[in-house]
Visitor: 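Supplied in structure tokens, the structure appears directly below.
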Amino acid sequence: MLDKKYNAAEKEAKWLNYWNEEKIYSFKRDDRKVYSIDTPPPTVNGKIHIGHIFSYSQAEMIARYKRLSGYNVFYPFGFDDNGLPSERLVEKEEGKKAHEIGREEFSRLCYETTDRYESEFKNLFSRLGVSTDWKNAYKTVSPSTIKISQASFLDLVDKGHVYHKESPALWCNECLTSIAQAELETKTIKTTFNYVKFTTVEDGEEFIIATTRPELLPAIVCVFVNPSDENRKHLIGKTAHIPVIDVEVPIMADEKVAIDKGTGVVMCCTFGDQTDIEWWKKYNLPLKYIFTDDGHINDTVPNYGGLKIKEARAKIIEDLQNGGYIDHIEDLEHEVQTHERCGHEVEYTVMNQWFIDIMNHKDDFLRIGREIKWYPEYMFARYEEWVNNIAWDWCISRQRYFGVPFPVWYCADCGEAIIANREDLPVNPLVDQPPVDRCPKCGCTNFVPENDVMDTWATSSVTPLINMRYGEEENYEDILKPMSLRANASDIIRTWDFYTIVKSFYHFGMRPWDNVMISGFVMANKGEKISKSKSNSKQEPLEVLNTYSADVVRYWAGSGRLGTDIAFNEETLSRGKKLINKIWNVAKFIEMHLADYEDREFTDYEFIDRWILGKFAIMQDQFLRYLEDYEIGLALNTLEKFFWNFCDNYIEIVKHRLYRPEEFGDIKRYSGQKTIYTLLYRLLQDFSIFFPYITEEIYQELYHQEKSIHLTQIEKIDFDFKDEAVLGDNIVDIISIARGEKTNNNVSLKTPIKTLNISVYSKLKEAIEEAILDFKATLFIENLNVEETESSFEVKSIILDLEDNDN
RNA sequence: GGGCGAUUAGCUCAGUUGGCUAGAGCAUCUGCCUUACAAGCAGAGGGUCGUAGGUUCGAGUCCUACAUCGCCCACCA
């Protein structure tokens, strides 16, 4: 027997435990088709926020849908505990910087801390009802993952897509590491635009350069004007004298200078921005690098050495002003590039870095991107735009500690890079010996290890390889190449999706997955994104789960259109709560009427039963079509709408027949029983995608043919009652009008109708005659007069038995 | 500046390839204890579908322009 009230907390704990013990979601190879999902390993940086709940739920529902559709679902989970986010977490918890703690101890703390958070994460996601096989869970710093990540590196080395080079790279002087273009976040800051007077050495002509970064004056190597700039092209070929710094640099011509921007004269420093690097390469300019790694001016710079970058800026402006070299200063608000992990402005540095070639294969990445089906389709445009706009190869080395080490040593004499052998992986060059005794180039016997570790994306971009156990003897390469689905939020299209495509193309020459499903964001308030740094997410996932139950939270997470942002909305949650409650109550009602029910072949359905079965068939068709397009929210909406109609109209009509067999006969009652038995089962299956807990509870009480409702399969519909679906709706319309009449008279719906006069088209008349007992019982009709008309229908008059109501 | 999306009832949102009178929930108002459910049920009011043009027999839906909001990118001279 179902309980009178549904106690969500108790039941959810019970079934979660049951699923774990019975291994309901475990993955085993069998002869079914595999549907595989590449799930984002959440970054282990301390907090799961409500946004995770949202986007993971959506992919999870697809896993359940595919399972119900008969697929063998491969749905693993991972934790991204590798790299800078974990390091920052540990630094924050310890209140110390990594270099103060020491490399070895720091790594130990990273492992310990991430382990602790991962078990919390696991509990939270399990609680949410994530139907993953935890046996296949991975971490991005485990030995097996390091092995695969290093193997990926070796494969790319073999294929010539990796190079090691001294090259300008983006540098974060807060995190003390190089970073990749994808890790940049733009930020608006207030600064000043300084108009500095320069002069030509040849004839002392004054010209002005506007700059926001005067501290770069000591790094100036050249001045550019546009060759077609009529007012300034006479400067080309002359020499510029730099005030205060007192150096001379050539004035050159380049088309890239915008005549109307600033003063039309640009200084080129090494390096202030992307264009500087381009010019530096193009014209083979000298290198004057003036910053230290931790954001100071180099000691070699007179007067400014040792100052922080911003201090130097202030001082040089002051010096320029004192010397009369400032024409004027304007306030300016502009966007700067910052490191997304810490929010600090990035600089450029030149050092030895490992790069993956991106620029030479953009066309391939676009082609592969087009082979993948993107849901919603327009998300492909974001990918395409990103690929088209990439300006750098992918710098994968990080001057950090906690991550996948490069399997590389260098010859101490000649610098030749020695790469590990594949069979020795995983290796840590800081501990392990190189695979050769002598440098193959110069023959010396001294080696130094590579200190850098890999970018965290270098590893998370191989999640399909991790999932397929790439390079292992027992692997899933045959079933996961490609995987069926990648699911993630729109913010990591440019990183996770893009880099995974890059790697998959280089390793296998093919797409990593067939489909990509992109979810939107949870907004803190309308139009305000939840920010990692601002922590403006007011809803703690665990608290929300405790308050509303997992099923209800999933109702919220499953609503809305795919790819569309959503706000955390109490109203949606209370609507979900009501729906859950209604499911419970109707199940109780149905259980009550199935006490003597035995399932057997039966085709002699009553008209009203055929109506609701026909309505269900139409709904189910739409429902499944939405799910095929990964439109969870629209599918749920369709299902929900049908369900309320089922409760408020069908059940209200059929209940009389169920309660009073003496009046209607056992066969008519059985028809109703069979209908509610069939439909509740099918509804539970559909709802189980969204509400795994309550559907399991009801299924186990009422049906329990399988070990779990989540192991059942949606069967094809073998009935076709399209005509009844339309005619029945018209009958319901008439019922609604008659109910309205009662309501308008402020009387109970039980009030008898003395006489109901209606006129209806002939087919509807036949239907009403067929459904006459149900119809009359539902409205408490004493006398019914049905007139026939050409088309349409009308309620002519309703005479209520008001006296009866007074009793 | 470039790309993408959004704009529909007081609020949150559906509205599929153009097709009868534009829908739902919440909120508001009016009723109803009805042998599952008052956390319920039955009703009512509420919209010139962002603006202006265009295509069409017909436009919330397609096209163009504009406005507002959001996201991503570029912009450090």
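Hydrogens, waters and symmetry mates are skipped; everything else that's a heavy atom, side chains included, is used. Proteins get letters first, then strands, A, B, ... in listed order; numbering begins at 1 in each.
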Visitor: Choosing from B:A42, B:A39, B:C76, which nucleotide comes nearest the side chain of A:D273?
Guide: B:C76
Visitor: Can you tell me if the side-chain N/O atoms of A:Q337 get under 4.0 Å from OP1 or OP2 in B:C75?
Guide: yes
Visitor: Would you kindly give the CD1-to-P distance between A:I493 and B:C4, to the nearest whole Å?
Guide: 14 Å
Visitor: Does A:K742 have a side-chain nitrogen or oxygen under 4.0 Å from the phosphate oxygens OP1 or OP2 of B:U34?
Guide: no
Visitor: With a sphere of 6.0 Å drawn around CD of A:E206, does it hold more than 12 non-hydrogen atoms of other residues, nucleotides or ligands?
Guide: yes
Visitor: So, A:E570 versus A:Y548: side-chain donor-acceptor pair below 3.5 Å or not?
Guide: yes
Visitor: Which nucleotide, B:C4, B:A42, B:C37, lies nearest any side-chain atom of A:N581?
Guide: B:C37
Visitor: Tell me whether the side-chain N/O atoms of A:S736 come closer than 4.0 Å to OP1 or OP2 in B:G43.
Guide: yes
Visitor: Which nucleotide in the list B:G31, B:C37, B:C32 gets nearest to the side chain of A:S748?
Guide: B:C32
Visitor: Kindly point out which of B:U34, B:G43, B:C73 is positioned nearest to the side chain of A:K750?
Guide: B:U34
Visitor: Could you check whether the rings of A:Y289 and A:F291 sit parallel, tilted or perpendicular, using 30° and 60° as the cut-offs?
Guide: perpendicular
Visitor: Classify the side chain of A:E385 versus the base of B:G2 as yes if they form a donor-acceptor pair under 3.5 Å and no if they do not.
Guide: yes
Visitor: Whole-Å distance between B:C13 P and A:K641 NZ?
Guide: 18 Å
Visitor: Say we look at B:A22 and B:A14: how far apart would their C1' atoms be, to the nearest angstrom?
Guide: 11 Å
Visitor: Using the C1' atoms only, state how far B:G60 lies from B:C49, rounded to an integer number of Å.
Guide: 5 Å
Visitor: By nearest nucleotide on RNA chain B, pick out whichever of A:L184 and A:T564 is the more 5' one.
Guide: A:T564
Visitor: Taking the basic N atoms (NZ, or NE/NH1/NH2) and the acidic carboxylate oxygens, is any pair closer than 4.0 Å for A:R382 and A:D497?
Guide: no
Visitor: Distance check, P atoms only: B:U16 and B:C57, in whole angstrom units.
Guide: 23 Å
Visitor: Using the P atom in both, what is the distance from B:U34 to B:G23, to the nearest Å?
Guide: 33 Å
Visitor: Compare the minimum distances between each of B:C76, B:G25, B:G15 and the side chain of A:L634, then state the nucleotide with the smallest one.
Guide: B:G15
Visitor: Should the pair A:Y383 and A:F498 be assigned to parallel (<30°), tilted (30 to 60°) or perpendicular (>60°) ring geometry?
Guide: tilted
Visitor: Output yes when A:R625 and A:D621 qualify as a salt bridge under the 4.0 Å nitrogen-oxygen rule, no when they do not.
Guide: yes
Visitor: If you check the A:Y378 side chain, which of B:U34, B:G5, B:C73 turns out closest?
Guide: B:G5
Visitor: Could you state the CZ-P distance from A:F642 to B:A24, rounded to the nearest angstrom?
Guide: 18 Å
Visitor: Of the nucleotides B:G40, B:U34, B:C72, which has the atom closest to the A:L749 side chain?
Guide: B:U34
Visitor: If I pick the P atom on B:C37 and the same atom on B:A44, what distance separates them, to the nearest angstrom?
Guide: 26 Å
Visitor: Mind calculating the distance between CG (A:L562) and P (B:U16) to the nearest angstrom?
Guide: 17 Å
Visitor: Look at the rings of A:F687 and A:F643 and say which category their plane angle falls in: under 30° parallel, 30 to 60° tilted, over 60° perpendicular.
Guide: perpendicular
Visitor: Nearest of B:U30, B:G15, B:U12 to any side-chain atom of A:N746?
Guide: B:U30
Visitor: Return the value, rounded to whole Å, for the distance between atom CD1 of A:I651 and atom C1' of B:C37.
Guide: 12 Å
Visitor: In whole angstrom, what separates A:D497's CG from B:C72's P?
Guide: 15 Å
Visitor: How far, in whole Å, is B:A24 from B:G45 if one measures between their P atoms?
Guide: 12 Å
Visitor: What integer number of Å spans the C1' atoms of B:C73 and B:U55?
Guide: 34 Å
Visitor: From the options B:G15, B:G43, B:C37, select the nucleotide whose nearest atom is closest to the side chain of A:R739.
Guide: B:G43
Visitor: Using the P atom as the reference point in each nucleotide, state the distance between B:U7 and B:U51 in Å, no decimals.
Guide: 13 Å
Visitor: Among the nucleotides B:U35, B:C41, B:C73, which one has an atom lying closest to any side-chain atom of A:R660?
Guide: B:U35
